[in-house]
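Notes for the one structure printed next.
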Amino acid sequence: RFNLLCIPINALTSVPRRVNEMISEIEKTVRIKILYLDRAFGNKKYCRILKLSKYKFITPITKNDKLKDIEFQIKKQAKISRNNYLLFEFYYTFYEGKPKEYQEGIKLLALYEDNKIFFFITNVNNFNGEEYYLLIESYRYRFGIETNYRVDNIFSALTSSVTASVRYLLMQVSLIAQDLWTFVNF
């Protein structure tokens, strides 16, 4: 798990445009088969951007009232034995009840396992249940990335500089240090 790219984002940055730029830049270095994205990408705006791209993706989606209702119905109706799972496929619509131009539809996967339900959205189609389960399982391997974010401060330089270019340079140095540490300890 190496840092491939560091792009500065400020309050005036168009984040969707930066996401497209970032994906294009990474594609120059490595071939992308599927994007495993953070929960923050599980919304209408990014869903629309990613569906327009040529890339397959999977991302968890934050539970809202609609998903909580689905969860309640699944737990109420489905019986599952220990060490087994159930996988449900739905068509999910963001901003249901709003005019069509505000809506965005996507495949929703609900994994019922260990008495918990995990929700993911994806544009991967034509998989059978076992393949979708393996896709979700492979997503779980990205926990190391989350750990990277949590321990980021260990490598970050302490500075009182308010100059963006200095802070950006120090961030890049910290990412290089992280990558070196990962390479040596892998």
Side-chain angles (χ1 to χ4, degrees), residues 1-63 87 89 92 94 104-109 111 118-128 130-159 161 163-186:
R1 295 178 185 101
F2 294 98
N3 298 297
L4 299 177
L5 189 62
C6 176
I7 297 176
I9 294 177
N10 62 35
L12 301 175
T13 302
S14 167
V15 177
R17 186 173 52 92
R18 282 296 178 137
V19 168
N20 282 330
E21 289 173 4
M22 180 180 63
I23 291 170
S24 298
E25 197 64 34
I26 290 171
E27 184 74 20
K28 293 176 186 176
T29 308
V30 294
R31 192 171 138 258
I32 299 172
K33 291 183 181 178
I34 187 165
L35 296 168
Y36 294 92
L37 300 166
D38 188 75
R39 185 176 310 277
F41 290 90
N43 61 48
K44 182 192 103 170
K45 177 174 60 173
Y46 291 113
C47 183
R48 184 168 285 170
I49 291 166
L50 292 164
K51 281 173 58 179
L52 292 173
S53 76
K54 64 179 181 176
Y55 301 102
K56 301 294 182 193
F57 71 90
I58 184 168
T59 181
I61 183 170
T62 304
K63 287 183 187 174
L87 185 70
E89 288 181 53
Y92 184 81
F94 288 100
E104 189 66 39
I106 191 75
K107 182 184 293 276
L108 173 72
L109 301 174
L111 175 64
F118 305 95
F119 292 102
F120 293 86
I121 56 172
T122 185
N123 65 345
V124 176
N125 294 308
N126 304 323
F127 271 21
N128 63 37
E130 180 67 24
E131 291 169 322
Y132 279 125
Y133 179 76
L134 293 173
L135 179 64
I136 292 170
E137 281 297 302
S138 67
Y139 182 89
R140 292 178 177 172
Y141 283 106
R142 74 180 289 289
F143 76 90
I145 297 168
E146 301 300 330
T147 304
N148 249 4
Y149 291 132
R150 283 195 299 274
V151 299
D152 215 14
N153 291 334
I154 295 171
F155 293 96
S156 295
L158 299 175
T159 181
S161 175
T163 308
S165 58
V166 171
R167 297 179 74 79
Y168 181 59
L169 175 67
L170 292 173
M171 179 63 184
Q172 287 181 330
V173 170
S174 80
L175 292 175
I176 291 169
Q178 269 185 327
D179 286 346
L180 289 171
W181 184 89
T182 302
F183 183 73
V184 170
N185 293 295
F186 189 62

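The distance from atom NZ of Lys63 to atom CZ of Phe119, rounded to the nearest 0.5 Å, is 6.0 Å. Separation of atoms CZ (Phe120) and OG1 (Thr59) is listed at 8.5 Å; rounding is to 0.5 Å. The NZ atom of Lys51 lies 8.0 Å from the CZ atom of Arg48; values are rounded to the nearest 0.5 Å. Once rounded to the nearest 0.5 Å, the distance linking NZ of Lys54 with CG of Asn123 reads 13.5 Å. Tyr55 contributes atom OH, which lies 9.0 Å from atom CG of Asn20 (distance to the nearest 0.5 angstrom). From Ile49, atom CD1 reaches atom CZ of Arg17 across 11.5 Å, with rounding to the nearest 0.5 Å.
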Just do the side chain to side chain contact (heavy atoms under 4.5 Å, CB included) check on Ile106 and Phe57 with the steps written out, would you?
CA-CA 11 Å; Ile106 191 75; Phe57 71 90; 3.9 Å; yes
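The shortest non-hydrogen separation linking Ser138 to Tyr36 is OG-OH, 2.8 Å. Scanning both residues, Pro60 and Leu37, for their nearest heavy atoms gives CD-O, 3.4 Å. Heavy-atom minimum distance, Tyr139 versus Arg39: OH-N, 4.5 Å.
Note on Lys45 versus Glu104: no salt bridge recorded, every NZ/NE/NH1/NH2 to OD/OE distance being 4.0 Å or above.
For Asn126, the CG atom counts as loosely surrounded, since its 6.0 Å shell holds 12 or fewer non-hydrogen atoms of other residues, nucleotides or ligands.
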